[in-house]
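Okay, structure first, notes after.
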Amino acid sequence: MLILGLGGSKNYVNQKQSPSMSKIIAFAGKGGVGKTTVASLVIRHLSKTGRTPILAVDADPNSNLGETMGIEVETTVGDIRENFMRDPQGVPSGMDKTIYLETLVEQALIEKPAFDLLVMGRQEGQGCYCMVNNILNNFTDRLMVNYSYMVVDNEAGMEHLSRRTSGRVDMLYLVSDYSLRGLRALRRINEMLESLKLTVEELGIIVTRAPAELSDTFLREVDEIGLPILGLIPDDPALLDFDMEKRSLLELPDDSLSVEAVGRMLNETCPA
Ligand SMILES: Nc1ncnc2c1ncn2[C@@H]1O[C@H](COP(=O)(O)OP(=O)(O)O)[C@@H](O)[C@H]1O
Ligand SMILES: [Mg+2]
């Protein structure tokens, strides 16, 4: 458990250093296609196979990565930013504002046995947020070195990822359901990647709710995008049950269709 007094942030950032550089896995795609589900199952697999420590980052303002893993989120980085902008004089007297903001982010970091979770929350409103954003982005960058894996559930525009100072992603999974509309969204994201300040080492497509055989029309559209299909996740009725029962996806049985499919995909495309 991390309990630090104000001003202790610098220590934490250098605490749990992992020996090698952390691997960043990110997800992007249209809303509702299954990004958060797959991200949760990737976190589950990494954790179960001992590929820890893991930092889960919920970077979709409309997202619920915490919820799918049974975690109640109280504070987001967006809340911290908004509160600070509303009352910049609220920094305790004698304290540097950078340290103050970093301490708040540290407190917003949710620590669980299997992984830690940071929720970015809403995007900024009107006004100049550059200074605050720089502080927050720098801090998340430094925080990252404490983990072997960082798993980022993004919104379609990938704002958070592209704004980070060290814009690197080791594996970008573009998620589509089994629909041409889902694929077209991926095509746009893929085209947009060029204009982002982001180095993507590897990328490919995950198809969710995939049938046993993909149609020629679908495969032709994939060909036109020019990216490989890295994973096929079948329609898994257990996901609906868990959603209805508000159960964490971390508790899905090991032999669930989606759990097995994500395990296979990671072993093949992102080996330890
Ligand atoms: N492979 C799948 N089989 C069945 N239902 C799925 C599958 N993937 C996602 N879902 C369901 O679809 C809905 C949207 O998934 P979600 O992961 O929240 O999408 P996104 O994060 O892309 O908006 C959820 O109710 C989820 O349970
Ligand atoms: Mg989502």
Side-chain angles (χ1 to χ4, degrees), residues 22-43 55-65 68 77-78 118-124 133 137 140-141 144 149-211 214-215 217-235 258 261-262 265-266 268-270:
S22 49
K23 188 157 189 162
I24 304 169
I25 302 176
F27 297 87
K30 196 166 86 62
V33 293
K35 293 182 298 294
T36 303
T37 304
V38 182
S40 305
L41 296 181
V42 163
I43 292 164
L55 175 63
V57 178
D58 185 346
D60 183 347
N62 302 309
S63 182
N64 41 14
L65 185 62
T68 57
V77 174
L118 189 65
V119 181
M120 303 311 288
R122 59 200 157 137
Q123 314 267 9
E124 62 261 42
N133 275 336
N137 290 342
T140 10
D141 274 353
M144 219 169 73
Y149 287 86
M150 176 160 109
V151 179
V152 190
D153 182 14
N154 280 284
E155 95 280 36
M158 302 207 301
E159 277 286 303
H160 283 293
L161 265 191
S162 61
R163 272 216 235 103
R164 278 186 18 244
T165 22
S166 62
R168 181 189 105 244
V169 172
D170 296 285
M171 175 55 94
L172 176 62
Y173 290 113
L174 299 180
V175 185
S176 173
D177 56 3
Y178 184 55
S179 77
L180 295 186
R181 275 206 294 159
L183 282 182
R184 285 188 196 122
L186 297 194
R187 184 197 286 238
R188 283 192 293 277
I189 294 171
N190 189 33
E191 286 165 2
M192 185 187 70
L193 283 178
E194 301 272 310
S195 63
L196 297 182
K197 231 177 49 199
L198 196 64
T199 311
V200 178
E201 300 294 340
E202 276 183 74
L203 82 162
I205 298 172
I206 294 178
V207 184
T208 62
R209 296 197 188 88
L214 304 177
S215 75
T217 319
F218 190 85
L219 288 173
R220 225 174 294 126
E221 193 90 8
V222 169
D223 261 357
E224 281 178 29
I225 298 175
L227 293 175
I229 293 181
L230 301 179
L232 295 171
I233 321 289
D235 187 78
S258 53
V262 168
M265 177 193 79
L266 276 178
E268 284 164 17
T269 63
C270 189

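Throughout, numbering of the chain's residues begins at 1 and tracks the sequence.
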Show your reasoning for whether side-chain contact (heavy atoms from CB on, under 4.5 Å) applies to Phe218 and Val207. CA-CA 10 Å; Phe218 190 85; Val207 184; 3.8 Å; yes
Can you check side-chain contact (heavy atoms from CB on, under 4.5 Å) on Asp60 and Asn154, steps first, answer last? CA-CA 5 Å; Asp60 183 347; Asn154 280 284; over 6 Å; no
May I have the step-by-step check of side-chain contact (heavy atoms from CB on, under 4.5 Å) for Leu193 and Leu198, ending in yes or no? CA-CA 7 Å; Leu193 283 178; Leu198 196 64; 4.3 Å; yes
Can you check side-chain contact (heavy atoms from CB on, under 4.5 Å) on Cys270 and Lys23, steps first, answer last? CA-CA 10 Å; Cys270 189; Lys23 188 157 189 162; 3.7 Å; yes
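Phe27 and Tyr173 have parallel rings, their planes meeting at less than 30° on a 0 to 90° scale where 60° marks the start of perpendicular.
The structure places CG of Leu227 at 12.0 Å from CD of Glu202, a figure rounded to the nearest 0.5 Å. For the atom pair Leu214 CG and Glu221 CD, the distance stands at 13.0 Å (nearest 0.5 Å). Note that CG of Leu55 is 9.0 Å distant from CE of Met144, once rounded to the nearest 0.5 Å.
Using a cut-off of 4.0 Å between Lys/Arg side-chain N and Asp/Glu carboxylate O, Glu224 and Arg187 are scored as salt-bridged.
The shortest side-chain heavy-atom distance between Leu172 and Glu201 does not fall under the 4.5 Å cut-off. Looking only at side-chain heavy atoms (C-beta outward), Val42 and Met265 come within less than 4.5 Å of each other. For the pair Ile206 and Ser176, the minimum side-chain heavy-atom distance is 4.5 Å or more. Side-chain contact between Ser22 and Tyr149: absent, with no pair of heavy atoms (C-beta onward) separated by less than 4.5 Å. Looking at Asp170 and Ile25, their side chains never come closer than 4.5 Å, going by heavy atoms from C-beta outward. Two residues are said to be in side-chain contact when any heavy atoms from C-beta on lie closer than 4.5 Å; Leu230 and Ile205 fail this criterion. Val77 has its side chain out of reach of Val119: every pair of non-hydrogen atoms, C-beta onward, lies at least 4.5 Å apart.
Proximity of a side-chain donor or acceptor of Asp153 to a complementary backbone N or O of Ala59 within less than 3.5 Å is not detected. Formation of a donor-acceptor pair under 3.5 Å by the Lys35 side chain with backbone atoms of Lys30 is found in this model. At distances below 3.5 Å, not a single donor-acceptor pair connects side-chain atoms of Asp177 with backbone N or O atoms of Arg209.
The local environment of CD in Glu191 is crowded, with over 12 non-hydrogen atoms from other residues, nucleotides or ligands closer than 6.0 Å.
Under the side chain to side chain contact (heavy atoms under 4.5 Å, CB included) rule, Thr68 has a single partner from Leu41, Thr36, Asp58, Thr37, which is Thr36.
Pairing each heavy atom of Ile225 with each of Leu183, the nearest pair is CD1-O, 3.4 Å. Between Ala39 and Val151, the shortest heavy-atom distance links the atoms O-CG1, 4.2 Å. In terms of heavy atoms, Met150 sits closest to Val152 at CE-CG2, 3.8 Å. Closest approach of Leu186 to Gly29, counting heavy atoms only: CD2-CA, 3.9 Å.
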